[in-house]
Amino acid sequence: MISKDFLKAGHAPTLFSAFLYFDMSFMVWVLLGALGVQITATLGLTPAEKGFMVAVPILAGAVLRVVNGVLVDRIGPKMTGTVGQLIVIGGLLAAWLFNIHSYMSVLGLGVVLGVAGASFAVALPLASRWYPPKYQGIALGIAGAGNSGTVFASLFLPTLAKTYGWTTVFAFVAIPLILTFIVYQIFAKDSPNQPAPKKTAEYFSVLKQVDAWWFMLFYGVSFGGFVGLSSSLNIYFNTQYGLAPVTAGLFTAFCVFFGSIVRPVGGGLADRIGGIRTLSIMYSIAGVALLLMSLGLGNILLGTLFIVTAMVALGMANGAVFQLVPQRFRAEIGVMTGLVGMCGGIGGFYLAASMGLSKQMTGSYMASLLIFAALAFIALIGLTLVKKTWRTTWHVYGALDAKI
């Protein structure tokens, strides 16, 4: 899948830097979810408060992705990423130094962590602008595979919190972020093919185009499902199956791992058979898996199987969406990454928050998962409606050597 031609086509050091920056940013973006059980034990949170706590960074990241999308086109992705990394590192060190121990302080930290989630709107344009259309799927799949950082969060952070306390974890996670910042400064470079800066109002002219709204819906479902589950599974395994925090973290890491590593596979498959066909398959699988997950099966192995299936389908769908976006909006990739990424974050906020509300109001997670399964099927219907038009008209946007 990664050919010699691909390696020669772009700038490998920048692609690696984009991946690493995105990876470490994602690790801290879901930090509150990974520590959710321990924070809840200290603060005595209700199910709804737990759901809102893990959802705040997702919502903040969603909004800030639009800001970053504009900044990427105005000052370049490298400078935008530099500022974002400094804010997150500073926020984590401040939270550690002041030893925060109130619900409102945790929510405030969640807003800062949203800056890390907004790295999506920086890392993908940073990589995308170095590669021609026929390699967009695999290039953005590799850069986007940085969502594997959620695995590290669930795998290591609950154990660190058990040993040293959850506020000390903030200092621990700042260390790899600082190392990543150094790598980013040395190896990341802006592509020479940067679009000319536009007036701010011009960036949002893409909202007048129906295709932009379709992409926002599609990513709201695929990425929203992925990050919403990634942030909530620690608490889900703890409350649904009674697992201890560290064990719940291991189960979460197992599920998130498979959803993370397949993002480049989804992008590569979309390069081969077309993004629309790949998305149609993945939305179908995700919808069925979420439907089965909503049943709240008592068998943890069977329940985990359905979660892994949903995560894999959603992860591959993420890669497929961003095989298509640069074909249609190459000149506006910065702002489109921000807008589409924002809707992905909004989808994740909805799922994470609604799972907490569903649990508190009904005693189970069924309602929230059923609604999200329905959204996957709505996305599938939307693809069916647009696929003929997209395949017959996108040549005017320069999508000549890529499969749609």
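Y219 has its ring centre less than 6.0 Å from the ring centre of F120. The aromatic ring centres of F16 and W130 sit 6.0 Å or more apart.
Side chain of Q327 to backbone of Q323: a donor-acceptor contact under 3.5 angstrom is found. Put simply, the side chain of T392 gets close to the backbone of T389: a donor and an acceptor are under 3.5 Å apart. For W96 (side chain) and V169 (main-chain N/O), no donor-acceptor pair under 3.5 Å exists by modelled atom type. Looking at N318, its side chain never comes within 3.5 Å of a backbone N or O of R263 through a donor-acceptor pair. A donor-acceptor pair under 3.5 Å is absent between the side-chain atoms of D190 and the main chain of G76, judged by distance alone.
Here the straight-line distance linking atom CD of Q85 with atom OG1 of T180 works out to 7.0 Å at 0.5 Å rounding. How far CZ of F322 is from OG of S222: 8.5 Å, rounded to the nearest 0.5 Å.
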Let me check something: any side-chain donor-acceptor pairs from residues 363-370 under 3.5 Å, sequence neighbours excluded? List them with distances.
from : atom 1 : to   : atom 2 : distance (Å)
S364 : OG     : M366 : N      : 3.4
Y365 : OH     : T239 : OG1    : 2.6
S368 : OG     : Y365 : O      : 3.0

Give the table of side-chain donor-acceptor pairs shorter than 3.5 Å for residues 104-116, with sequence neighbours excluded, one pair per line with atom names and distance.
from : atom 1 : to   : atom 2 : distance (Å)
S105 : OG     : S102 : OG     : 2.7

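Screening residues 243-269 for ring pair (Phe, Tyr, Trp, His ring centres under 6.0 Å) gives F237-F251, F254-F258 as the qualifying pairs, with residues at least two apart or on separate chains.
A donor-acceptor pair shorter than 3.5 Å cannot be found between the side chains of T80 and N68.
We find that D211 and R328 are joined by a salt bridge, their nearest charged nitrogen and carboxylate oxygen being less than 4.0 Å apart.
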